[in-house]
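Chain A is the first sequence line, chain B the second, and so forth, proteins listed ahead of strands; every chain is numbered from 1. Hydrogens, waters and symmetry mates play no part in the numbers below; they use all other heavy atoms, side chains included. Predicted, not measured: the structure shown is a model, and the values here were computed from it.
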Number of protein chains: 2
Amino acid sequence: MSVTINDIAKRAKVSSATVSRVLNNSGYVKEETRQRILVAIKEMNYTPSAIARSLSKCETNTIGVIVPDITNAYFGEIIKGVSERAERNNLNIILFNTDNYLEKEVRALKLLKEQRIKGIIMTPGFGEEKFNENYIKTINTLNIPIILVSADVKFTKLNGVFVDNIKGGFEATNLLIKEGHTKIGIMTGLLSSEPVMDRLEGYKRALKENDIDFCSKYVLYGDFKLDKAYELTKKLLKEKDRPTALVVCSNMMTMGVIKALKEENKDIPRDLAIVGFDKIDFLDMVGLNITYMEDCPIELGRSSMDMLFDIISSNEDDSVRRRIIAPQIVVKGSEKKI
Amino acid sequence: MSVTINDIAKRAKVSSATVSRVLNNSGYVKEETRQRILVAIKEMNYTPSAIARSLSKCETNTIGVIVPDITNAYFGEIIKGVSERAERNNLNIILFNTDNYLEKEVRALKLLKEQRIKGIIMTPGFGEEKFNENYIKTINTLNIPIILVSADVKFTKLNGVFVDNIKGGFEATNLLIKEGHTKIGIMTGLLSSEPVMDRLEGYKRALKENDIDFCSKYVLYGDFKLDKAYELTKKLLKEKDRPTALVVCSNMMTMGVIKALKEENKDIPRDLAIVGFDKIDFLDMVGLNITYMEDCPIELGRSSMDMLFDIISSNEDDSVRRRIIAPQIVVKGSEKKI
DNA sequence: CTGTTAGCGCTTTCAC
DNA sequence: GTGAAAGCGCTAACAG
C-alpha cells in the first residue's frame, strides 16, 4: 500500500483534515503547520489518490475519448486538439480505439460509464449498421454528456461538432465547374456515412445550380478504401464517355485513384482533374499537388473539448449544442482543366 | 447522484453484499435472489462505480500511456497494439500526448501516479536534454511498473521493448554495400536520440566489416525534420565528391531528401540510392519505391503491453525486463546501384 | 445462502 | 486554526 493522507497527518502531528486543507489550498492553515505538512509530504514522497478524492467528491477529472482508428492521423489530430484543451482544464483522457466495430463502441461507452467520467467525446465509426437499436439505446441511457465529433449518429439529436460536408461537396464541385469542367464525377465512400451523403448532396446542388445534368453513371460507389478506389478508377479509365474531373470523398480513396492513374500513365489534371477530401501530408513533397477540402481535425478536437467543458460547467442548461465548421479548400492545381 | 449498490439492495430487498456478489460472480447466491437483483439492476439502469471498486480493492484496472506525438502514425500504431492487448486484459488506457516536452512527460507521470494506475507504457520524447535530473528522479521514485517503448532513457535501467537500431543501421548500410556502393552517406537525427546513435554505430560497423573507410564528410547531421533534411540534401547535391547512396534515419527526413531530389530533377536510385527508416504509407502508391527498415510499431505496442501485464501478474519478480526486436528490411529498389 | 461490519483514502461539515 | 466524524460506493471477512 502506498502512503496515505493519514500517514502524513501522523508524521506532521496534525489531523488528516488539516493535511487535506493544505493539499487543496482550502481553509486557513497556520503557515508553520503548513510547512510541517509540506515537509512530511516531501519526505514520504506522498501522492494523493485521485481515486479516493473522486469517490469523496463524487466527481472525476476524467473524460472519455472514442475513435474508430487511432492509426489514422485524422483522429490523431482530433485527439491532439482534445488533449490540448483537456490539459488546460486539468482533465485526463481515457482512450478507446474501436477499429470501427460497433460492439467495441458500445463496450467503451459502458466502461466509461463505470469510470464515472465527466463526459465523452466520440467519433462514431462508419460501420454499415449505425442504426442498431442497442447502440442507440446505450447512448440514450448513458446519462453522461456526450459530444460527437466529425460524424453524426442518425436518429439522435446529440451535441456535436461537425464539418459542413454539404458545403464541402458543393465547393469541391463548384471549383471544378468554375474551371470549366462539365463532366464531373464523384467517388463516394459507404453510403451509410453521413459525411459522404452530405458531400454527394453538395455535389448535386452544385451541378444543379450550374444547370449541369446529374448523371448517375458518374457516381462511383467506393468504400473509403484504397483498393476499391483503385479498381473503380481502373474501370473508369476504360470507359469511352468518362468524366474529366472527379471529386474523391476521402484521402485513402484519393490515393487509390492516384495509384490507378499512375499505373495507366495518366496525368493529373490533364487526363483527370481531382479534388480530394482531407489532407495527405506527403503528397506535396513528391510533387503531387492535389487540391482538397480540409476538415482541420485539430480544430474539431479543440472545439469539441471546449463544448464539453462548457456543458460540464453550466449545470442546468441542457439544450443541444451543435457546431458546424466549414471546411477549407486548399487549391493546389489538380482541379485545372487543360 | 447516480444509482448505487444500496439502491439496488433496497429495491431487491437484500443487502448490498449480496448485490456485490452477483455483480462479481463471487460466492453463492440463490438463483431466485440473483434474478431479483438482476431485474432491479436493469430497471434502475445501474452501472457499478469503478472508482468505488478501485478504492475498496486498492487497485485499478487502468494503465497509462505516454507518447510524444499522437498525430504521428508510428505512435498511433503503438497505441493500437497496446490497446489491443489492454482490451484483452480488461485494462483501460489513460493517454497523454507530450508534444515532446519534457515537462509534460513529468506532469503526465505525476498525474498517472495520482490515478493509482497499474503501470505505464511510455515512449520518451526526443528532446535535447533527456538527462535532466528532475526527470530521472521522477521516474525512479515513481514506484509504478513502467515499460519504455521504442526509445530508452539514459542513466536508467528500466524495462522496455526496443528496436535493435544498431542492427538496423548495419543492415541498411550492408544492403547498400552488397549492391556495390562504396561511397555511402548517412543522415542522422538529433544525436541526443539513442536510436540515431545506434543506427550511426551500425552504419560504422558495416563499413568497417567491409573495409570501407569511414568518411566524416558523409555524415549529415539532421534534426528529424523535413526542412533540414531538404536543405542538407540540396547542399549535398552541390558537392563534387558526394556519396552515391544515403542511409536516412527517419521517415520525415526521407521525405525531405526526396523533395530535394525531385526539385533538382535527380533520380532515385540513379543519382542517389536511398535506404530509409520507417514506413511511409503513401510512397508506393505514387510510384516511389523506397527501401526502408521497418520497426513494426504495432508489435512494439503489443509486446510492451504483454510485458507490463506479465510484470503486474508476477508480484515478486522485480528483475528488469528488456526485449529487443529486430527491425525488418523492406526492399523496394531504391538501394540499387545503377 | 445472506447480512453485518469494517475499511479503502479522501473531503467536508460542524464543533471547539 | 484545527480536529472529530460522517460519508462517498464498493469489497471482503466474519457470522449466522
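Using modelled atom types, no side-chain atom of A:S56 and backbone atom of A:A52 make a donor-acceptor pair closer than 3.5 Å. Panel note: side chain A:D7, backbone A:T4; a donor-acceptor pair is recorded below 3.5 Å. For the pair B:T138 (side chain) and B:N134 (backbone), a donor-acceptor distance under 3.5 Å is present.
Look at A:S49 and you won't find any side-chain N or O under 4.0 angstrom from OP1 or OP2 of C:dG9. Listed pair B:T18 / C:dG3 meets the phosphate criterion, a side-chain N or O lying under 4.0 Å from OP1 or OP2.
Atom-to-atom, CG of A:N6 to P of C:dC10 comes out at 7 Å; the value is rounded to the nearest Å. Rounded to a whole Å, the CD1 atom of A:I5 is 14 Å from the P atom of D:dA4. If you measure from atom CE of B:M44 to atom C1' of D:dG9, you get 14 Å, rounded to the nearest angstrom. Between the CZ atom of B:R53 and the P atom of C:dG9 there is a distance of 18 Å, given to the nearest Å. Atom pair B:R116:CZ and C:dG9:P shows a separation of 8 Å (rounding to whole Å applied). Rounded to an integer number of Å, the gap from CG of A:D7 to P of C:dG9 is 8 Å. Summarising the geometry, the separation between NZ on A:K10 and P on C:dC10 is reported as 12 Å, rounded to the nearest angstrom. Here D:dG9 presents its C1' atom at 9 Å from CG of B:L55, a figure rounded to the nearest Å.
Nearest nucleotide to the side chain of B:A52, out of D:dG9, C:dG9, C:dT11: D:dG9. Here C:dG3 is the nucleotide among C:dT11, C:dG3, D:dT11 with the atom lying nearest to any side-chain atom of B:S15. Side-chain atoms of B:A17 lie closest to D:dA12 of the nucleotides D:dA12, C:dC10, D:dG3.
Taking every heavy atom of residues 19-35 of chain A and every atom of DNA chain C, pairs under 4.0 Å involve A:S20, A:R21, A:N24, by number.
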Next on the checklist: A:V29 vs A:V14, test: side chain to side chain contact (heavy atoms under 4.5 Å, CB included). Steps then yes/no.
Outcome noted: CA-CA 11 Å; A:V29 178; A:V14 293; over 6 Å; no

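Side-chain contact check for B:Y74 and B:T123: no donor-acceptor pair (N or O, by modelled atom type) lies under 3.5 Å.
Side-chain atoms of B:S56 and base atoms of C:dG7 include a donor and an acceptor less than 3.5 Å apart.
Here CG of B:L111 is found 8.0 Å from CG of A:N61. Values are rounded to the nearest 0.5 Å.
Shown here are the side-chain contact (heavy atoms from CB on, under 4.5 Å) partners of B:S54, two or more places apart in sequence or in another chain: A:I51, B:T60.
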